[in-house]
Structures are given as C-alpha cells and as structure tokens.
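Written below as structure tokens is the structure these notes are about.
If you read the sequence from its start, that first residue is 1, and numbering goes on from there. Side chains are part of it too, since the values below use all heavy atoms of this structure and drop only hydrogens, waters and symmetry mates. Not measured: the values here are computed from a predicted model. Counting starts at 1 for both ligands and their atoms, following the listed order.
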Amino acid sequence: MSTERWTFGGDTSVARIGYGAMRLTGWPKGEPPARDTALGILRRAVELGVNHIDTSNYYARDGIAANELIREALHPYPDDLVIVTKVGALVEGADVARPAADKTGLTPDNLRRGVEANLRSLGLDRLDVVNLRMGDLDRSLTPLAEPLETLLALRDEGLIRHLGVSNVTAAEFAEARRIAPIVCVQNLYNLSRREDDALVDACAAAGVAYVPYFPVGGFQPLAAARLDTVAARHGATVSQVALAWLLARSPNILLIPGTGSPAHLEENIAAGALRLTGRDLAELG
Ligand SMILES: NC(=O)c1ccc[n+]([C@@H]2O[C@H](COP(=O)([O-])OP(=O)(O)OC[C@H]3O[C@@H](n4cnc5c(N)ncnc54)[C@H](OP(=O)(O)O)[C@@H]3O)[C@@H](O)[C@H]2O)c1
C-alpha cells in the first residue's frame, strides 16, 4: 500500500487506495463472490491499510447487501475507518423499497430514508461522508439545490459528518459548493473515459477529493495496446497501470476499485507502489 493520504474536510484522513463494495453484491448485475470470500476481502482490505470503503444501502440483491457484509466483517469498526455512502439513486435494496410514485430518491423523505437506512444497516450513529447521487433522472426536472439542502439539514441534525456529490457536471459542482461544504466528487473517470478532466482539476484547485468510479473500467474492463506495453515494461497488470495512472493524474484522486477476488484486491492495493515514468505517461496519452 502506498503511504499517500488525503484528508476529507480537514479532519477525516484516508489512504489514497480504498475499496468499493458494490461488486460484493452482484448489484446491479454479475455474480457476487461467496459470502465468506466477501467477508474475507473486506477484512483483508483493512489489514492492508484500506480505511476508505465506498458503499450504499442500495447495493443489495438477492439478500446480499454491501452494508450488511461490511458490518459483519468489520464492526466494531476501527477508529480510522471511513465509510462513504450515497443517497439519491432510485432506492432499491434490502431495507428500503423503491419509491413508487415519484421514482426518485431525491425527495426530502426519500433522502432521509436513504440516510437512515445506511445508518441502520451499517450500525452507525453518524455517517462519515454521504454523497448526493444525481443521475438516472431527467436533470431539467431535478435540480441539485433542494436535495443538497435536505442533506445539509440532516448533517446539521448530526446524522452526517461530511457531504459529497456524485454524477454531477462541473456547473453542478460549482453550484453545490455555493450551498454546502463539499468534500468529494464521485463521477465516472478512468484512462479511457476522461470527460471529467477539467472537473478533476477544478476539484484539486478547491481542495476537494475526486473519487472516480469504474477506475479499472467497471463492467467493461479497460483494454488497449498502450496499456499492455506499459504493464509489460513494469511487470505489472493492466489494472495496476490504470490505477497508478489515476494516482499520478492528480493528488486529489482517491481510488475505490471494486473486486470480488482476493487476488485482485492484493493486486489493486499493490498498484500504490507502481511509479509510472514520464515515458509511460506520455504513451498512455
Ligand atoms: N456513484 C456512482 O454512481 C457509482 C457507480 C458505480 C460504482 N460506484 C462505486 O465505485 C466503485 C468502483 O466501481 P466498480 O467496482 O463498478 O468498477 P471498477 O473498480 O472499475 O471495476 C470492477 C470490475 O473490475 C474487475 N477488477 C477489479 N480489479 C481487477 C484486477 N486487478 N484485475 C482484473 N479485474 C479486476 C472486477 O472483477 P473481479 O471481481 O473479478 O475482480 C469488477 O468486475 C464501486 O464498487 C462502487 O462503490 C459508484
């Protein structure tokens, strides 16, 4: 594990390599690992220095829920463990039903239900970081201000320590920062999806973490000849090069690769030791 760290909101320190728990559940698709494997991955991640786990109550399918696995594997939680959740997506999962009428998790009631469901399933009194997840919806009908103000009120009630935003545009990020202190942005970004380049830099300039989802390609594994070349030069894997590229891209980028494979977990964390050269970075484009 690399020793590099980042601090959310001035008081919540995390290692730059974390772990994303969605893959443990088979949500929204795919085969989840066996329960013992999933619990073992969470425990091993923490053993290896991971203290930033990304999850949500709606990462749940067929009776397998990410928050419940995290709680069983790691509760009582280490003091420095930072569990980042998200609310606002269509609310599905083990303990919150899909809202029928408005089909959005962004209403005040559904945001509260999402926060409470995360607190309950994780066994916490306060959530370290909650991302307001925009997306899946007609954006012209769902402005960011109102749901963010709802989360700010829940923070002021003491249910949340820090706020982040997810699936946002650069304009929404700027708007969010006018409404509330924002400690992280979680959007799609990786070696072959760089639409957010300017937003990564805007976050860095504002001292805000940028946490890319799909860091190794998500449901479409990254594949490119240039990646193979750089990986071969270092005796590394393509995933490791993809992760090392993100770490090199900007110091505010934090990684949350997801895996249901113990071997891939070790590999992803070891990517923190991979130093890409100027030549590598030039070839990766
Ligand atoms: N805010 C949002 O809207 C949003 C959306 C999606 C995800 N997320 C969060 O972001 C996290 C990361 O995204 P993700 O897990 O979907 O994408 P990802 O980390 O890019 O990719 C996960 C996929 O890559 C494979 N993989 C991981 N490490 C590998 C390795 N070393 N070698 C080969 N294959 C490897 C995994 O399969 P194996 O199991 O076989 O390793 C899995 O299929 C999620 O866990 C979730 O917490 C947030």
message: Is it true that, when you exclude E146 itself, more than 12 heavy atoms of the residues, nucleotides or ligands shown sit nearer than 6.0 Å to its CD?
response: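 Atom CD in E146 is not packed in, count stays at 12 or less.
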query: So does D80 have more than 12 non-hydrogen atoms from other groups sitting under 6.0 Å from CG?
result: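 Enclosed.
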Using a strict cut-off of 4.0 Å, indicate which atoms of ligand 1 neighbour a heavy atom of [X].
X    : value
T259 : 27 (C), 38 (P), 39 (O), 41 (O)
G217 : 20 (O)
N167 : 1 (N), 2 (C), 3 (O)
E267 : 30 (C), 31 (N), 32 (N)
D54  : 9 (C), 46 (C), 47 (O)
K86  : 1 (N)
G20  : 45 (O), 47 (O)
R23  : 37 (O), 38 (P), 39 (O), 42 (C), 43 (O)

Evaluating non-hydrogen atoms only, which member of [options] is closest to [atom]?
atom                    : options                : value
atom 48 (C) of ligand 1 : Q220, Q186, R133       : Q186
atom 20 (O) of ligand 1 : V238, I269, L265, V216 : V216
atom 27 (C) of ligand 1 : G258, A21, S239        : G258
atom 2 (C) of ligand 1  : F219, Y19, Y213, W27   : Y213

message: For ligand 1 and I256, I'd like to know whether there is a polar contact (N/O to N/O, distance under 3.5 Å).
response: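 Not met; the criterion fails.
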task: Examine P215 against ligand 1 and note whether any of their N/O atoms are separated by less than 3.5 Å.
output: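 Yes.
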query: Can you name the one residue among V185, V208, V183 that meets side-chain contact (heavy atoms from CB on, under 4.5 Å) with V165?
result: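 Result for side-chain contact (heavy atoms from CB on, under 4.5 Å) with V165: V185.
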query: So among L254, L243, L246, which one has a side-chain contact (heavy atoms from CB on, under 4.5 Å) with R16?
result: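 When L254, L243, L246 are each tested with R16, the side-chain contact (heavy atoms from CB on, under 4.5 Å) holds only for L254.
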Derivation of the side-chain contact (heavy atoms from CB on, under 4.5 Å) call for V130 and K86: CA-CA 5 Å; V130 174; K86 60 191 74 67; 5.9 Å; no
task: Quick one: look at N190 and ligand 1, take heavy-atom pairs under 4.0 Å, and tell me if it's side chain, backbone, both or neither.
output: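 For N190, no heavy atom sits under 4.0 Å from ligand 1.
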field: Hydrophobic cluster identity match, V84 and Y77, side-chain contacts under 4.5 Å
entry: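 Different clusters.
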- prompt: Going only through I, L, V, M, F, W and Y residues with side-chain contacts under 4.5 Å, is there a path from F8 to Y19?
  reply: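 The answer is no; the residues belong to distinct hydrophobic clusters.
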- prompt: Charged N to carboxylate O below 4.0 Å: is that the case for E157 and R126?
  reply: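 Result for this pair is no, no salt bridge flagged.
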task: Work out which heavy atom in V129 is nearest to a heavy atom in G164; give both atom names and the distance.
output: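 For V129 versus G164, the nearest heavy atoms are CG1-N, 4.4 Å.
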query: Do you know the tightest heavy-atom contact between A170 and L199?
result: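 Closest heavy-atom pair between A170 and L199: CA-CD1, 4.0 Å.
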Tell me, which protein residue and heavy-atom name are nearest [atom], and how many Å apart are they?
atom                    : answer
atom 23 (C) of ligand 1 : G218 O, 3.5 Å
atom 35 (C) of ligand 1 : H264 ND1, 3.6 Å
atom 44 (C) of ligand 1 : M22 CB, 3.7 Å
atom 14 (P) of ligand 1 : F214 CD2, 3.9 Å

- request: Dump the intermediate steps for side-chain hydrogen bond (donor to acceptor under 3.5 Å, both in side chains) on T55 and N67, then the final yes or no.
  value: CA-CA 7 Å; T55 185; N67 286 0; 2.7 Å; yes
message: With a 4.0 Å cut-off on heavy atoms, is N268 in contact with ligand 1?
response: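 In this structure, N268 qualifies as a contact of ligand 1 - some heavy atom is under 4.0 Å.
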query: For S166, does its backbone N or O pair with a side-chain atom of N187 as donor and acceptor, under 3.5 Å?
result: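 The answer is no, because no donor-acceptor pair under 3.5 Å joins these two groups.
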